[in-house]
Amino acid sequence: MINIVLFGKPGAGKGTQAEFLKEKYKLTHLSTGDIFRFNLKNDTDLGKKARVFMDNGELVPCEVTTAMLIDEVKKHPDTAGFLFDGYPRTLDQAEALDKFLPTIGSSVTATIALEADDEILVARLLERGKTSGRPDDQDEEKIRVRYQEYNEKTAPLIGYYKEQNKFYAVNGIGTIEEITERLTSVIDNL
Ligand SMILES: Nc1ncnc2c1ncn2[C@@H]1O[C@H](COP(=O)(O)OP(=O)(O)O)[C@@H](O)[C@H]1O
């Protein structure tokens, strides 16, 4: 089983690249953002728990997110592997994943970060907000909160995975195809 964590700031292109990678490597794509948005739209109990955090650009509490993720992983016992997109986003979550995966005989294979400058990313998000309908992409203040959350809570994961020799960085600026190429060359050499 191969488990890839796609890592990057909001707007870095994780979702776009995940679409290609999941096809190429036959991976199950788990995007916590997408799962939350689905639950919000359908007004489920999970959606109700996540809404205020998401609307403000804050992270949803770890217990809620991790329970949800584990449920999703368990739905795919026969998969060739997972492409985690948007999880883990805190040290607690990374530790939770490192505890859980061995219970299904697995582990994180690699974490690959898509890197880009903040100004480019904020511009991308505002552009996406015009068509995506995502409220968290339409308001610079919320975008700012998401970057603050990233810097405080998610950036420390870089050191966490580097210590395990599982961290790879890829330049996230270029055409979609160029970036896919960079990602696949990392994965093919794992
Ligand atoms: N692993 C997570 N932990 C906590 N909250 C999360 C997680 N993944 C997604 N969320 C919530 O969903 C929102 C949108 O997620 P996502 O679409 O991945 O965002 P972005 O485009 O900012 O990377 C986040 O701002 C957060 O509120």
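Counting starts at 1 for both ligands and their atoms, following the listed order. Only a predicted model underlies this, so the values are computations on that prediction, with no experimental measurement involved.
The residue from K130, R37, K142, R146 that alone fulfils the salt bridge (charged side-chain N to carboxylate O under 4.0 Å, His left out) condition with D137 is R146.
Of the listed options R124, K9, E149, R89, R89 places a heavy atom closest to atom 19 (O) of ligand 1. Which of K142, R146, M54 comes nearest to atom 12 (O) of ligand 1 through a heavy atom is settled by distance: it is M54. With atom 14 (C) of ligand 1 as the reference point, the heavy atom nearest to it among E58, R37, R51 is part of R37.
Among all non-hydrogen protein atoms, the one lying nearest atom 15 (O) of ligand 1 is G33 CA, 3.5 Å. The nearest protein atom to atom 8 (N) of ligand 1, hydrogens excluded, is given as T32 OG1, 2.7 Å; this is a heavy-atom distance. Scanning all protein heavy atoms for the shortest distance to atom 5 (N) of ligand 1 gives V60 N, 2.9 Å. For atom 21 (O) of ligand 1, the nearest protein heavy atom (residue, atom name, distance) is R128 NH2, 3.1 Å. In terms of protein heavy-atom proximity, atom 6 (C) of ligand 1 is nearest to F36 CE1, 3.8 Å.
Only side-chain heavy atoms of Q93 come within less than 4.0 Å of ligand 1; its backbone N, CA, C and O stay farther off. Proximity of R134 to ligand 1, defined as any heavy-atom pair under 4.0 Å, is confined to the side chain (atoms from C-beta onward). Counting heavy atoms closer than 4.0 Å to ligand 1, residue T65 contributes side-chain atoms (C-beta onward) but none from N, CA, C or O.
Between the R89 side chain and the T32 main chain, no donor and acceptor come within less than 3.5 Å of each other.
Residues passing the salt bridge (charged side-chain N to carboxylate O under 4.0 Å, His left out) test with K153 are E149, sequence neighbours excluded.
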